[in-house]
Enquirer: 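My questions will all concern the structure given below.
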Amino acid sequence: MKKSTQSCYIKPREISYVDFPESQISACGMTAIEADFSQPYCQCEKIQYAVKSGMALHLNIIRPVKQAEQTAKLPLIVYVQGSAWLPQNLESKIVQLGRICERGFVVAIVEYRPSAIAAFPAQVKDAKTACRYLINNADSYGIDTDKVVLWGDSSGGHTVSMMGLTLENPELDDESPTEQPLNIKAVIDYYGPVDISKMNEEPSTLDHQKADSPEGLLIGGVNVIEHLELAQKTNPINYIAENKMILPFMIFHGSKDRLVPFGQSVMLFNALKEAGGDVEFYQIKGADHGQAPFWSHFVLDIVENFIRTHI
């Protein structure tokens, strides 16, 4: 039999999904099941948001794929990936953050300049630049700019704490905080450093004072104790007093953290509480520096409830 040479090509713009014909071809032994469109489906896209110090800076943007009838914009979580202020692995928590995305959020994972390229406060400045990029391009990513929260782990937790407490500080910004204000609703800090000059006062598997330690590199590759003025510029507690309004904070820290001592979060919690801040603090018993306990369904329920309460 001679096969037909007639093309069945249909130009995408000439037909909608609804009107596209369903295949009538079958096969012996085939089982047909109905498509379930009720479950969220998320995709990740890497984009460049800036170039600083000759380094291209990126965002991993995770967002639900909208169905045709969905038009509502979603809250934004700006997540700063921890790395001891060294080069980050932006993909390390895509799986976990995808689970948050499925709950109805756009999640943007921020790349900052590592300390070897730019010392503090470059990381804080970069994350603020990333926030503004996302806000300025909100329509492209389906973002509700009135519902933005910060979240970070380890050095990223330090970065978002610094961001949340210095939103009006021009010295910690590469843009103008008055001309381009950041409307942030809340901060979630996962086991971030606070006072790097006191990190050796508790048990730790790192020496946090040496010039080549993560903390020493953060302030320019010098001994932390010998440069306390530089060290204290990185302490978010020292910026609480300058705030007219303290953002709501949520802090999580493991009781057996071998890298960032638990007492670091205690200091931040007490300082925020004493200043009249709205702050929640959770110790995860037996947890080390991150990993599974911080991404359990129970913990993520707490995090989601906190976010939705404050947006």
Enquirer: I'd like to know if the side chain of Y239 and the backbone of K233 have a donor-acceptor N/O pair within less than 3.5 Å.
Expert: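 Pair found, side chain donor or acceptor close to backbone of K233.
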Enquirer: Evaluate Y79 against N60 for side chain to side chain donor-acceptor pair (under 3.5 Å), listing each step before the verdict.
Expert: CA-CA 10 Å; Y79 192 93; N60 273 338; over 6 Å; no
Enquirer: With distance as the sole criterion, is a donor-acceptor pair present between the side chains of S92 and Q81 under 3.5 Å?
Expert: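 On atom types as modelled, these side chains qualify, holding a pair under 3.5 Å.
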Enquirer: Compute whether any side-chain donor of one residue and acceptor of the other, for D257 and H253, lie under 3.5 angstrom apart.
Expert: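 Present: a donor and an acceptor within the cut-off.
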Enquirer: I'd like to know whether NZ of K198 has more than 12 heavy-atom contacts from other residues, nucleotides or ligands below 6.0 angstrom.
Expert: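 No, not enclosed.
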Enquirer: Test of understanding: clusters of I, L, V, M, F, W, Y form through side-chain heavy atoms closer than 4.5 Å, transitively. Do V80 and L300 belong to the same one?
Expert: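 V80 and L300: separate clusters.
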Enquirer: Tell me whether the count of non-hydrogen atoms from other residues, nucleotides or ligands lying under 6.0 Å of CZ in R258 goes above 12.
Expert: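 Result for CZ/R258: open.
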Enquirer: What residue among Y282, F252, F294, F281 forms ring-ring contact (aromatic ring centres under 6.0 Å, His included) with Y191?
Expert: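 Answer after filtering Y282, F252, F294, F281: F294.
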Enquirer: Keeping S155 on the side-chain end and S83 on the backbone end, is there a donor-acceptor pair under 3.5 Å?
Expert: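 Indeed, once roles are kept as given, a pair shorter than 3.5 Å links the two residues.
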Enquirer: Any non-hydrogen side-chain atom of V95 less than 4.5 Å from a side-chain atom of W295?
Expert: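 Heavy-atom side-chain distance check fails, nothing below 4.5 Å.
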Enquirer: Kindly indicate whether the side chain of L90, heavy atoms from C-beta on, has any atom under 4.5 Å from the side chain of H58.
Expert: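 L90 reaches H58 side chain to side chain.
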Enquirer: Is there a donor-acceptor contact under 3.5 Å linking the side chains of D126 and T129?
Expert: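 No, no side-chain donor-acceptor contact under 3.5 Å.
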Enquirer: Is the shortest heavy-atom distance from the side chain of I143 to the side chain of L134 under 4.5 Å?
Expert: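 Yes, at least one pair of side-chain atoms sits under 4.5 Å.
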Enquirer: State, to 0.1 Å, how close V299 and P293 come at their nearest heavy-atom pair, and which atoms those are.
Expert: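 Between these two residues, the closest heavy atoms are CG2-O, 3.5 Å.
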Enquirer: Given salt bridge (Lys or Arg N to Asp or Glu O under 4.0 Å), test K185 with D146 step by step and report yes or no.
Expert: CA-CA 8 Å; K185 299 300 185 184; D146 290 325; 5.9 Å; no
Enquirer: Kindly compute the distance separating CG (L150) from CE (M250), expressed to the nearest 0.5 Å.
Expert: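 Rounded to the nearest 0.5 Å, the CG-CE separation comes to 14.0 Å.
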Enquirer: Determine the sole option in V266, L272, L268 for which the side-chain contact (heavy atoms from CB on, under 4.5 Å) test with N270 is passed.
Expert: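 Of all the options given, the one that passes is V266.
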Enquirer: Do you know the tightest heavy-atom contact between T234 and A231?
Expert: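 What the structure gives for the nearest pair is OG1-O, 2.6 Å.
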Enquirer: What's the shortest heavy-atom distance between P193 and S154, and which atoms?
Expert: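 Looks like CD-O, 3.3 Å.
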Enquirer: For the side chain to side chain donor-acceptor pair (under 3.5 Å) test, which of D174, D173, N137 pairs with R132?
Expert: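 Testing R132 for a side chain to side chain donor-acceptor pair (under 3.5 Å) against D174, D173, N137 leaves exactly one candidate, D173.
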Enquirer: How about NZ on K256, more than 12 heavy atoms from neighbouring residues, nucleotides or ligands closer than 6.0 Å, or not?
Expert: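 Counting other residues, nucleotides and ligands, NZ of K256 stays at 12 neighbours or fewer.
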Enquirer: Mark yes when over 12 heavy atoms from residues, nucleotides or ligands other than E168 sit less than 6.0 Å from its CD; otherwise mark no.
Expert: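 No - once you tally the heavy atoms of other residues, nucleotides and ligands closer than 6.0 Å, there are 12 at most.
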Enquirer: Pair D144, L74 - check side chain to side chain contact (heavy atoms under 4.5 Å, CB included), show working.
Expert: CA-CA 5 Å; D144 186 338; L74 298 176; over 6 Å; no
Enquirer: In terms of side-chain geometry, is the basic nitrogen of K273 or D278 positioned less than 4.0 Å from the acidic oxygen of its partner?
Expert: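 So K273 does not pair with D278 through a salt bridge.
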Enquirer: What closest approach, in Å, do T145 and A138 show between heavy atoms, and which atom pair accounts for it?
Expert: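 Closest heavy-atom pair between T145 and A138: CG2-CB, 3.4 Å.
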Enquirer: Between the side chains of K128 and T166, is a donor N or O closer than 3.5 angstrom to an acceptor N or O?
Expert: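 Yes, T166 and K128 have a side-chain donor paired with an acceptor closer than 3.5 Å.
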Enquirer: One pair to check against salt bridge (Lys or Arg N to Asp or Glu O under 4.0 Å): E91 and K46. What are the steps and the verdict?
Expert: CA-CA 10 Å; E91 287 69 46; K46 177 171 278 190; 3.1 Å; yes
